[in-house]
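First the structure, in the form of structure tokens, and then the observations on it.
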Amino acid sequence: MKFFKSEAYLTGAILLAAGIVIAFFPKFISTLFYIAGAAMIIYNIIVLIISGTKGTAPFFAAKSISGILIGFLVCGFPTLLSFGLPVVLGIIFSLTGAERIISALQLKKSGRAWLFMAVLGVISLCFGAFLFFNPFSASALFKRILGIILIVGGIAVIVSELRAKEVPPSVIDIDDFSVKDDEAKRLK
């Protein structure tokens, strides 16, 4: 039982720490990606040079060049996440909004309820335009919201474990118990 409680406390603490870092120190995460990418690039350059001097260049060259490219991708990931994801989501929301507006117009022509669909379409279209034209501020907003959600989740896990009722003293907690089968003796 104690293992599960400590695991829940650890989960709550990890969620809380991740939420604080994401919400209030997002540059820290970007710095970690830059350090990891630079380490991959440097390591693969060293491997490429060493394999070139030892004559095993063909196999290790391809592997090292791939590692260098992956290192550049890791370095660029924070920027891609901050810029690319909101732009892609903006396009998706805009297309969905336009589709809903067109569907609402078709519903209106057929005489069915169309206003709710039109309002959803306009909201989706406006949200998509916001994401598309303001990717960096949208990304910062998403990071803050995600961080706050993680903070609340971490606090909720810790509080729920603190409030969990202990095993009442009248209940015996037994991990291993065996029962003799007296039924077989009685039947003989």
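Note that this is a predicted model, so its numbers are computed, not measured. Counting begins at 1 with the first residue of the sequence.
- To the nearest 0.5 Å, the span separating CD1 on I45 from CD1 on I41 amounts to 7.0 Å.
- Taking CD1 from I14 and CG from L10, the interatomic distance works out to 4.0 Å, rounded to the nearest 0.5 Å.
- Across all non-hydrogen atoms, the minimal contact from Y34 to C75 is CE2-O, 2.9 Å.
- Although no hydrogens or angles enter the test, the distance criterion places a donor-acceptor pair under 3.5 Å between the side chain of R144 and the main chain of A23.
- Taken together through direct or relayed side-chain contacts under 4.5 Å among Ile, Leu, Val, Met, Phe, Trp and Tyr, F77 and I70 form part of one hydrophobic cluster.
- Connection of V122 to M117 is not established within any shared hydrophobic cluster, with ILVMFWY side chains joined at heavy-atom distances below 4.5 Å, either directly or through further cluster members.
- For I145, the side chain to side chain contact (heavy atoms under 4.5 Å, CB included) partners are L141, I149, not counting sequence neighbours.
- When all heavy atoms are compared, the tightest approach of G154 to L15 is CA-CB, 3.7 Å.
- Both L146 and F142 are part of a single hydrophobic cluster, where members link through side-chain heavy atoms under 4.5 Å apart.
- The shortest side-chain heavy-atom distance between F130 and P86 does not fall under the 4.5 Å cut-off.
- Summarising the geometry, atom CD1 belonging to I22 is positioned 5.0 Å from atom CG belonging to L150; distances are rounded to the nearest 0.5 Å.
- Of all heavy-atom pairs between V74 and G37, the closest is CG1-N, 3.6 Å.
- Across all non-hydrogen atoms, the minimal contact from L107 to A113 is CD1-O, 3.5 Å.
- A donor-acceptor distance shorter than 3.5 angstrom exists from the side chain of S94 to the backbone of G90, with no hydrogens or angles considered.
- Scanning both residues, P78 and F33, for their nearest heavy atoms gives CG-CB, 3.5 Å.
- Atom OG1 of T96 and atom CG of L89 lie 10.0 Å apart (nearest 0.5 Å).
- If you chain together hydrophobic residues whose side chains sit under 4.5 Å apart, F28 and I20 fall into the same group.
- Distance check, rounded to the nearest 0.5 Å: CG of L131 to SG of C126 gives 11.5 Å.
- Surrounding CZ of F136 are more than 12 heavy atoms belonging to other residues, nucleotides or ligands, all under 6.0 Å away.
- In this structure, I68 CD1 and F72 CZ are separated by 7.5 Å, a value rounded to the nearest 0.5 Å.
- If you chain together hydrophobic residues whose side chains sit under 4.5 Å apart, F132 and V88 never meet in one group.
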